[in-house]
There are 2 protein chains.
Amino acid sequence: MFTNLNTDPRKKPRLLGELGDLSHAKVSSGECKYSKGTEIFGQAEPADYIYQVIEGAVRSHKLLYDGRRQIGAFHRFTAEAIADTTVRLVKRQSLERVAKTDPAMVRSLLTMTTDNLQHVENHLLLLGRQTARERVAAFLLEMNGRLTAAGVMALPMTRRDIADYLGLTIETVSRALSAFQRKGYLKVAGPYHREIIVLNPAGLTELDR
Amino acid sequence: MFTNLNTDPRKKPRLLGELGDLSHAKVSSGECKYSKGTEIFGQAEPADYIYQVIEGAVRSHKLLYDGRRQIGAFHRFTAEAIADTTVRLVKRQSLERVAKTDPAMVRSLLTMTTDNLQHVENHLLLLGRQTARERVAAFLLEMNGRLTAAGVMALPMTRRDIADYLGLTIETVSRALSAFQRKGYLKVAGPYHREIIVLNPAGLTELDR
DNA sequence: CGAAGTATTGAGACGTCTCAAAATTAGTGG
DNA sequence: CCACTAATTTTGAGACGTCTCAATACTTCG
């Protein structure tokens, strides 16, 4: 998957994901490790680099001047929490040079970007036109689709991350989850950031139509 | 610009835009004309084609089962309203064949997709975290940036289109515009769908920070 | 065990939506 | 060009949902 990973809406770096593997490509790249909670940007000129997550999990977000935050996507490469992460840095300039000699890679990049675009456009509909409960239901089903089979999954992020992904407050997310539990749509167990959710998808799917 | 143009969130066609010109490319393409209000899709299998607007203006949107709509982007190639439009159809399959022989075109597509992704990700922030007035202000400034110089512009779409673009109701859009007029941020004149807006960007820019 | 961080719950405030009516504009046929 | 009708926009009043602020509960970590 592909996305911005920004603190400033005006800067436009890119984050590479699962589809492409640039490790053998003829680009000048370097790996960097970031521990949990570290800002990946601010350390290199964002717009000049492309990032690929090798291990860990990353969230990409944008900020408004007053701190309001919107997460665009979660990127997960292990079952871990938003945790220690290794990232490969690729100079954009270098990439564009390679693009001329490696058409397959460009095609791969195009596929990734297109997939990401589809995800983000679905997210527009969610943010623009769905209620709080519909958003939380959609989020749970999205996570469920990516993870373990059969409605059992871990939620490796905080309520704040979920809220900022769904354009809600943490209180509203919490209330929605509580309501779903009361209705028998899910059960929660386990420690923070590794909560186990047992889904009864029937109810949620109806909400998420 | 690049975007989905959907009635069904599950189908994923692509709409090409200003950057690329496929008319001379070695792809099998055909032009189609659509009059105002026509659904471009439903007439060919959406997922199998890529679309490029040649003349006119197009909006792309997604729908929920109950009719709630979210517009992802406006695409404008004349100053006209969402009006009669000519579209070039390119078979996706054909495009992928060409991609192997025409790396420049793939790079062009990648650029377009990346640009579109940036636009959509900014829109996520708007839909997730900005108030109604901030959204309307951002919309006006976005349109202003694309059109005539110096704060004079035509608004070639209905309140419903604007509302669905901003994730609001038509009433809320109307109230925001009225409030801006009362504050002296803008003046409106002219007929429906060709309203002339005279901006005083100072106030709006502050709102749109 | 204590402290800090995170999540849940409650009560009220606020903003947007819904529904309804009035005003304005567009389109049509005489 | 005018009258009439349909469509769109504006405005108003109240309903509803989410946010804000505050208190409590729970978890993690020292």
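These numbers come from a predicted model, not from an experiment. Proteins get letters first, then strands, A, B, ... in listed order; numbering begins at 1 in each.
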Closest-nucleotide mapping onto DNA chain C: is A:Arg182 or A:Arg129 further toward the 5' terminus? I mean the 5' end.
A:Arg182
Please tell me which of the listed nucleotides, C:dA7, D:dT9, D:dT10, lies nearest to the side chain of B:Thr158?
D:dT9
Within this structure, what is the CG-to-P distance between B:Leu155 and D:dT8, rounded to whole angstrom?
16 Å
Report the residue (B:Glu171 or A:Ala132) whose heavy-atom-nearest nucleotide on DNA chain D is the more 5′ of the two.
B:Glu171
Would you say A:Arg159 reaches C:dT8's phosphate, i.e. side-chain N/O to OP1/OP2 under 4.0 Å?
yes
To the nearest Å, how far apart are B:Asp164 CG and C:dT16 P?
17 Å
May I ask you to decide if B:Gln130's main-chain N or O and B:Arg135's side chain share a donor-acceptor pair within less than 3.5 Å?
yes
How many whole angstroms separate atom CG of B:Leu177 from atom P of C:dT24?
17 Å
Describe the nucleic acid contact of A:Leu168 in one word from base, sugar-phosphate, nothing, applying a heavy-atom distance below 4.0 Å.
sugar-phosphate
Write down the distance between CZ (A:Arg175) and P (D:dC16), rounded to a whole number of angstrom.
18 Å
Looking only at non-hydrogen atoms, find the nearest pair between A:Leu126 and A:Ala138 and report the distance.
CD1-CB, 3.6 Å
Rounded to the nearest angstrom, tell me the gap between atom CZ in A:Arg160 and atom P in C:dT8.
13 Å
Indicate, with a heavy-atom threshold strictly under 4.0 Å, whether B:Gly167 touches base, sugar-phosphate, or nothing.
sugar-phosphate
Indicate the atoms forming the closest heavy-atom contact of B:Ala176 with B:Arg133, along with that distance.
CB-CG, 4.3 Å
Atom CD1 of B:Ile197 and atom P of D:dT9 are separated, to the nearest Å, by 12 Å
OP1 or OP2 of C:dC17 less than 4.0 angstrom from a side-chain nitrogen or oxygen of B:Thr169, does that happen here?
yes
Go through C:dA20, C:dA11, C:dT16 for me and flag the one nearest to the B:Thr131 side chain.
C:dT16
Taking A:Arg129 for its side chain and B:Arg68 for its backbone only, find out whether a donor-acceptor pair lies under 3.5 Å.
no
Taking only the side-chain nitrogens and oxygens of A:Thr172, find out if one of them lies under 4.0 Å from OP1 or OP2 of D:dC19.
yes
When rounded to whole Å, the CZ to P distance for the pair B:Arg69 and C:dC17 reads 15 Å
Ignoring hydrogens and angles, answer whether the base of D:dT8 and the side-chain atoms of B:Tyr192 contain a donor-acceptor pair closer than 3.5 Å.
yes
B:Ile170 CD1 to C:dA20 C1', straight-line distance once rounded to whole Å
13 Å
Do side-chain atoms of A:Gln70 reach the backbone of A:Asp164 as a donor and acceptor pair under 3.5 angstrom?
yes
